[in-house]
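Chain naming here is simple, since letters A, B, ... match the order of the sequence lines and numbering starts at 1 in each. This one's a predicted model, so the numbers in the text were calculated from it and none came from an experiment.
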Amino acid sequence: MSKFGKGCHLHLIDGSAFIFRAYHALPPLTRKSDGMPIGAVSGFCNMLQRYVDGDHGPDAPTHLAVIFDKGSHTFRNDLYDLYKANREAMPEDLRPQIPLTRQATEAFNIPCKELEGYEADDIIATLACQARKAGGRVTIVSSDKDLMQLVGDGVEMLDAMKNKRIDREGVFEKFGVYPERVVDVQALAGDSVDNVPGAPGIGIKTAALLINEFGDLETLLDRAEEIKQPKRRQTLIEKRDQIELSKKLVQLDCKTPLDFTLDDLELRDPDPDKLLSFLAEMEFRTLSKRIADKLRVEPPVIADTPAPAADEPQAEEIPFDASKYECVRDAAALRKWIDQAQERGWVAVDTETTGLNEMVADLVGISLCIEPGEACYIPLTHRDGASDDLFGSDALAEGQMPLDEALALLKPVLEDPSILKIGQNMKYDAKIFARYGVEVAPIDDTMLMSYAMHAGEHGHGMDTLSERYLGHTPIPIKPLLGSGKSAITFDKVPIDEATAYAAEDADITLRLWKLFKPQLHRVQVTTVYETLERPLVPVLARMEMHGIKVDRDVLSRMSNAFAQKMAALEAEIHELAGETFNVGSPAQLGEILFEKMGLEGGKKGKTGKYSTGADVLEDLATEHELPRKVLDWRQLSKLKSTYTDALQTHINPDTGRVHTSYAITGANTGRLASTDPNLQNIPVRTEEGRRIREAFIAEPGNVLVSLDYSQIELRILAHVADIPALKQAFADGLDIHAMTASEMFDVPLDEMTPEIRRKAKAINFGVIYGISGFGLARNLRIPRAEAQGFIDRYFERFPGIRRYMDDTIAFAKEHGYVQTLFGRKIHTTEINAKGPHAGFARRAAINAPIQGTAADVIRRAMVRMPEAIDGLPAKMLLQVHDELLFEVAEDAVDKTIEIARDVMENAPDPAVKLDVKLTVDAGKGANWAEAH
DNA sequence: GACATCACG
DNA sequence: GACGTACGTGATGTCC
């Protein structure tokens with residue numbers, strides 16, 4: 001190491017200037033994994049890197065240091081306690097970044113110097129003095145005018161942003177004097193930023209004039225009497241002490257006690273590991289890559305998903321304050337909100353209604369939110385519950401604008417294509433509005449955004465999201481409505497309480513939207529959200545509102561028939577048992593079977609009760625009469641209670657149809673879930689059960705048309721696991737289970753038996769579900785070893801399956817999620833857990849991409865369907881995972897099947913090119929049983 | 001409200 | 001070596 005001296009060039013970077021410049025130049029970036037503010041550090045690192053790599057020509061550094069301030073109290077405060085007293089507090093999101101800029105400097109292997117009780121400027125001054133004395137040159141990287149007093153022979157400043165060097169002449173331009181007199185000018189002019197008093201009424205121009213006239217400050221003060229202007233003369237005489245103090249404050253200290261020498265600042269190369277690990281820790285992807293390329297090393301892997309730490313509630317900037325919410329009671333007030341929505345181009349909307357069933361519930365009020373904390377509630381049909389009057393309870397409460405008037409004002413906004421309507425579960429609100437003649441569009445939905453980003457991690461209800469991402473627990477609805485028999489509907493809630501509750505919901509929704517919207521892109525699920533979630537809302541809303549016609553009489557007759565058969569069976573069961581008991585009670589049945597009758601079969605379950613599931617009873621039925629009869633009774637009981645009875649209660653009196661509701665975020669895999677009632681589990685597997693489908697009918701002149709994907713999950717498996725034999729079989733249109741059986745058991749196709757085919761079919765499905773020897777054995781009722789043998793052979797014949805499973809689990813373990821072919825992410829939070837959880841998680845991880853891809857495919861078909869069948873007398877009514885059910889005018893059936901099949905079979909285009917063709921089977925009939 | 005059971009893909 | 005085991009749902013009745 002050479003001694004610092006002639007030929008050396010010391011560059012001194014003013015760290016604080018870099019930090020503030022970086023902070024103000026960049027948006028408030030945060031670290032993805034934990035939300036830590038990181039913008040200033042990012043800018044700082046970029047500036048540092050650019051400086052180090054920059055071409056400085058003949059001014060290239062041989063020595064380099066970054067100098068920071070340390071401590072808020074310096075010797076200048078001892079001289080003058082108001083020094084820098086009016087400086088603004090450091091921004092909250094900058095404070096935690098300060099220590100990181102020190103770390104960053106060290107990571108770049110640049111000396112990082114600071115000294116308690118001294119400003120960076122003093123250290124810079126001292127080093128500059130030392131360097132000059134040793135015969136070297138100095139460049140001070142800063143544009144702070146306080147440092148200009150140091151410029152001189154061999155010492156220059158550099159404005160790194162403007163890349164402009166400042167020498168003696170540059171200082172003269174700025175101050176009107178040369179560097180050695182700068183402190184004199186500053187002492188007179190003072191500095192409002194640093195709270196240096198100076199001489200009142202004298203600025204830089206006047207100060208320079210005076211100094212140039214008298215030579216220096218001391219001479220000027222001594223000969224102040226000679227000044228011609230009376231005001232100036234008086235000020236300089238009266239404020240002499242203050243001026244002299246000011247000079248001490250601006251004079252930099254060249255004798256700062258340093259515990260290092262110039263030689264310690266010699267330029268050195270960074271340690272790639274240290275630097276890159278710091279950048280990775282900060283999650284600076286671009287900069288890491290750039291530096292890694294330059295250093296010719298591999299860039300660090302930086303996770304592209306938020307770590308679990310991101311789950312911690314974000315600090316809310318604007319507190320929730322119910323008293324700030326406005327209750328809108330007239331058109332004038334509403335117009336103001338409408339104006340704001342038009343100005344912004346967005347508005348969060350939430351409806352309050354008399355119930356959860358959108359087909360029945362009435363609109364009670366509407367809340368809007370434009371910016372966090374700025375929300376309103378528009379009560380419309382609140383009832384006056386306070387009155388004891390028999391008729392009074394139905395009267396509208398005072399102070400509400402007429403429903404028609406409010407809707408007339410809001411309709412243009414809600415339907416305006418240039419105003420985005422933001423909601424949490426917008427399908428609900430859109431359906432309510434639709435019943436009032438308002439077609440809400442376009443929409444964004446925070447529930448669906450959460451689903452796209454976090455499926456598998458947590459639920460997507462507003463309470464969950466608010467607590468998790470806003471750190472705020474919403475006002476619960478329970479205390480407002482009560483529970484049980486005394487529960488009231490929302491229209492009976494007092495308007496002031498309703499305002500606090502309802503407006504807050506809109507407020508929360510808007511805050512979530514502001515948080516989620518930019519995250520979609522970062523988590524790379526924008527396409528999923530935009531193509532598979534958002535556009536589904538209007539499609540499903542229309543299907544649900546259309547409903548399906550159900551013949552009440554058919555159901556009613558079946559219920560009666562079931563009741564009779566059940567009664568007969570019940571009598572026989574009691575006869576066989578020798579006593580009467582509740583056949584519907586598994587606990588009582590267990591007692592009868594395993595204690596009174598003493599049959600084989602063990603206790604199970606955590607509750608210590610006997611298991612009496614269908615598989616158990618099925619085994620017992622070979623030896624005894626009673627279990628068979630219980631099985632028959634149970635089947636009838638199920639059909640009656642869940643279907644023939646319950647379905648009747650779901651027939652809408654206005655439409656005569658049944659309107660299910662699809663939960664878009666119901667299943668983690670991307671499947672829909674149908675509720676109230678569930679029309680995705682209408683019986684079909686048994687003859688008696690299938691007859692329930694005869695009650696699902698078409699209007700006169702129409703038929704029901706069913707189109708369903710043939711073996712879609714196995715086809716997707718063949719594609720993703722890349723199984724040539726499976727692909728070929730599908731291409732040839734073979735019986736896929738028979739083909740599998742032939743491969744596995746070496747049986748030619750023309751000698752295939754139903755029994756062998758059945759086994760192969762069970763294995764095919766088992767594979768999709770994350771097969772285990774135990775599970776297959778139980779399903780096929782064969783010894784476990786034999787089942788394991790089948791699986792082993794399956795993997796042997798189709799090695800791609802094993803590879804797919806291993807790869808999928810490895811991916812899940814590394815990333816915490818798995819993906820469908822269309823990019824949908826399904827999180828597997830338990831995949832790295834120990835214990836029984838892990839087994840479930842592994843099988844779920846294997847299944848999710850297959851089930852999820854199939855779900856994506858039919859979603860794509862559904863989104864495209866309305867336009868495809870537009871103009872045809874055909875309506876899409878139901879989705880049952882791989883089936884779409886339509887109601888079609890008789891003369892348009894063939895055309896509809898042709899078009900809908902085309903849409904379904906080509907649904908993956910153009911996003912995904914499957915190696916296996918998708919095929920769709922079609923059926924038609926007067927009822928669902930015939931159509932399927 | 002938990003649990004068992006059973007309907008669907 | 002033992003343990004617990006097919007994937008994804010929703011609705012119903014019993015029982016505490």
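Taking the C1' atoms as reference points, dC3(C) lies 31 Å from dC8(B), given to the whole Å. Across dT5(C) and dC3(B), the matching P atoms stand 14 Å from one another, rounded to whole Å. Distance noted for atom P between dA4(B) and dG4(C): 15 Å (whole Å).
Here S706(A) pairs with E883(A), L885(A), A931(A), H932(A) under the side-chain contact (heavy atoms from CB on, under 4.5 Å) rule; sequence neighbours left out. Applying the side-chain contact (heavy atoms from CB on, under 4.5 Å) criterion to N357(A), with sequence neighbours excluded, gives M359(A), V360(A).
Interface residues of residues 615-643 of chain A facing DNA chain C, ordered by number: K638(A), S641(A), T642(A); criterion, heavy-atom separation under 4.0 Å. Against DNA chain C, the stretch residues 773-781 of chain A makes heavy-atom approaches under 4.0 Å through F774(A), L776(A), R778(A), N779(A). Non-hydrogen atoms lying under 4.0 Å from DNA chain B are contributed by nothing in residues 837-849 of chain A.
Listed nucleotides: dA11(C), dC8(B), dC7(C). Nearest to the side chain of Y769(A): dC7(C). Counting only heavy atoms from C-beta on, P683(A) has its side chain closest to dC8(B) among dG9(B), dC8(B), dT5(B).
Inspection of the Q788(A) and D792(A) side chains reveals an N or O donor paired with an N or O acceptor under 3.5 Å. There is a side-chain donor-acceptor pair under 3.5 Å between N681(A) and Y643(A). Between the side chains of T622(A) and R628(A), no donor N or O sits under 3.5 Å from an acceptor N or O. A donor and an acceptor atom, one from each side chain of T853(A) and T820(A), are nowhere located under 3.5 Å apart. Defined by atom type and a distance below 3.5 Å, a donor-acceptor pair is missing between the side-chain atoms of E544(A) and T660(A). Checked by atom type, the side-chain pair R715(A)/T919(A) shows a donor-acceptor distance below 3.5 Å. Side chains of S661(A) and D676(A): a donor-acceptor N/O pair is absent below 3.5 angstrom, by distance only.
Taking the six-membered ring where the residue is Trp, the centroids of F811(A) and Y817(A) are separated by under 6.0 Å. Taking the six-membered ring where the residue is Trp, the centroids of Y794(A) and F790(A) are separated by 6.0 Å or more.
For the pair N582(A) CG and dA4(B) C1', the interatomic distance rounds to 13 Å; values are reported in whole Å. The nearest whole Å value for the distance from the CG atom in L679(A) to the P atom in dG9(B) is 13 Å. One atom, CG of L589(A), and another, P of dA4(B), lie 14 Å apart when rounded to the nearest Å. L593(A) has its CG atom 11 Å from the P atom of dT5(B), to the nearest Å. Per the geometry, CD belonging to E713(A) stands 8 Å off C1' belonging to dC7(C), to the nearest Å. Rounded to an integer number of Å, the gap from L884(A) CG to dG9(B) P is 14 Å. For N681(A) and dA11(C), the CG to C1' distance is 7 Å, given to the nearest whole Å. Here the C1' atom of nucleotide dC6(B) and the CD atom of E688(A) are 15 Å apart, to the nearest Å.
Across all strands, Q588(A) comes closer than 4.0 Å only to sugar-phosphate atoms, never to a base (heavy-atom distances). Among the heavy atoms of the strands lying under 4.0 Å from V684(A) are primed sugar atoms or P, OP1, OP2 only; no base atom is included. In this structure, I771(A) reaches the bases: a heavy-atom distance under 4.0 Å links it to at least one base atom across the strands shown. At a threshold of 4.0 angstrom between heavy atoms, the contacts of R784(A) include nucleobase atoms, whether or not backbone atoms are also involved. If you check every strand for non-hydrogen atoms under 4.0 Å, A587(A) touches nothing. G584(A) comes within 4.0 angstrom of the backbone, heavy atoms only, and of no base.
Close to dA4(B), at under 4.0 Å from its OP1 or OP2, lies no side-chain N or O of S611(A). Contact check, R685(A) against dC8(B): a side-chain N or O comes under 4.0 Å of OP1 or OP2.
Look at E533(A) and R859(A) and you find a salt bridge, because one of the NZ, NE, NH1 or NH2 atoms lies within 4.0 Å of a carboxylate O, short of that distance.
The side-chain tip of K640(A) does not point at the ring of F562(A) from less than 6.0 angstrom away and within 45° of straight on.
Stem analysis of DNA chain C (at least three stacked-register Watson-Crick or G-U pairs, each with both distances under 3.5 Å) gives B:1-9 with C:7-15.
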- Message: Using the rule given for side chain to side chain contact (heavy atoms under 4.5 Å, CB included), can you reason through K727(A) versus D722(A), listing the C-alpha separation, both sets of side-chain angles and the distance that settles it, and then say yes or no?
- Response: CA-CA 8 Å; K727(A) 290 186 198 172; D722(A) 193 16; 2.6 Å; yes
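The structure places CD1 of I723(A) at 11.0 Å from CZ of F730(A), a figure rounded to the nearest 0.5 Å.
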